[in-house]
Amino acid sequence: MFQLSTICCQEFKCEICGNICGNHSYWGRRDYERHFKEWRHQHGMRCLGIPNTKNFNEITSIEEAKALWERIQAKQGLNKWRPDLEEEYEDKDGNIYNKKMYTDLQRQGLI
């Protein structure tokens, strides 16, 4: 019976939900897991400029959330389309150049 009462009374703190005064506390695992979908946590994530997705469940530190968001953005940045490198142009002779090379050659009057 003692163990059951200690499980329910375990304290979990969330730095993201906290305000100027400090961290916000949640008592019990169930409340802690539920709080990721509540307005306070969503508002905290929004204030940080981070979307509140499943990737950020179990993350309660502001620094950890920012670091994970930077890693996600960097990973997505590799898959983004970059028109200056990937957009292709063709000259009169049928040669294909990327946008940067084509504009450079055009400025020099070679095309």
Side-chain angles (χ1 to χ4, degrees):
M1 195 67 166
F2 175 73
Q3 267 195 336
L4 182 60
S5 65
T6 58
I7 291 173
C8 295
C9 296
Q10 191 174 6
E11 181 182 16
F12 295 92
K13 293 185 178 189
C14 183
E15 193 177 299
I16 295 169
C17 295
N19 51 20
I20 298 167
C21 301
N23 300 340
H24 193 80
S25 296
Y26 295 94
W27 294 95
R29 183 75 185 168
R30 187 175 183 194
D31 285 341
Y32 171 72
E33 288 176 0
R34 196 178 313 153
H35 102 275
F36 289 106
K37 297 175 190 141
E38 292 177 351
W39 69 271
R40 181 177 282 130
H41 193 80
Q42 291 175 356
H43 177 70
M45 294 291 280
R46 211 174 305 122
C47 288
L48 294 172
I50 301 172
N52 191 25
T53 60
K54 284 197 174 237
N55 295 333
F56 296 95
N57 271 6
E58 301 290 326
I59 294 185
T60 57
S61 167
I62 292 173
E63 293 303 318
E64 287 178 17
K66 285 181 178 179
L68 179 59
W69 178 237
E70 288 173 5
R71 275 186 278 152
I72 289 171
Q73 284 183 319
K75 194 174 189 181
Q76 287 176 345
L78 297 175
N79 298 330
K80 285 186 179 177
W81 184 65
R82 297 178 305 237
D84 58 324
L85 297 176
E86 297 172 8
E87 193 173 18
E88 295 179 341
Y89 290 86
E90 187 175 350
D91 66 357
K92 294 176 188 173
D93 299 329
N95 299 320
I96 297 174
Y97 304 101
N98 64 11
K99 183 179 180 179
K100 185 179 183 299
M101 179 72 76
Y102 184 80
T103 54
D104 287 345
L105 291 172
Q106 202 172 31
R107 270 190 232 128
Q108 294 173 8
L110 299 174
I111 295 179

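In this chain, residues are counted from 1 in sequence order. The structure presented is a predicted model; accordingly, all values stated were derived computationally and were not measured.
Considering only residues two or more places apart in sequence or on other chains, Asp91 meets the side chain to side chain donor-acceptor pair (under 3.5 Å) condition with Asn95. In this view, Arg40 and Cys17, His24, Tyr26 satisfy the side chain to side chain contact (heavy atoms under 4.5 Å, CB included) rule, not counting sequence neighbours. For Glu90, the side chain to side chain donor-acceptor pair (under 3.5 Å) criterion is met by no residue, not counting sequence neighbours.
Under the 4.5 Å side-chain criterion, counting only non-hydrogen atoms from C-beta, Thr60 is in contact with Tyr32. Using a 4.5 Å heavy-atom threshold, the side chains of His41 and Lys37 count as separate. Glu64 places none of its side-chain heavy atoms less than 4.5 Å from the side chain of Leu68. The closest side-chain heavy-atom distance from Trp69 to Phe56 is below 4.5 Å. With a 4.5 Å cut-off on side-chain heavy atoms, Ile111 and Tyr89 do not count as touching.
Atom CD of Glu11 is separated from atom CG of Asp31 by 12.0 Å, given to the nearest 0.5 angstrom. The distance from the OH atom of Tyr97 to the CD atom of Gln106 is 11.5 Å, given to the nearest 0.5 Å. Distance check, rounded to the nearest 0.5 Å: CD1 of Ile62 to CD1 of Ile16 gives 6.5 Å.
Leu110 is connected to Tyr102 through a chain of hydrophobic side-chain contacts under 4.5 Å among Ile, Leu, Val, Met, Phe, Trp and Tyr, so both are in one cluster.
Of the possible polar contacts, one joining the Asn52 side chain to the Phe36 backbone as a donor-acceptor pair under 3.5 Å is found.
A salt bridge links Arg29 to Glu33: at least one charged side-chain nitrogen sits closer than 4.0 Å to a carboxylate oxygen.
Here the closest heavy-atom approach between residue Leu48 and residue Lys66 is recorded as CD2-CE, 4.0 Å. Residue Met45 comes nearest to Pro51 through the heavy atom pair CE-O, 3.8 Å, listed as atom of the first residue, atom of the second, then distance.
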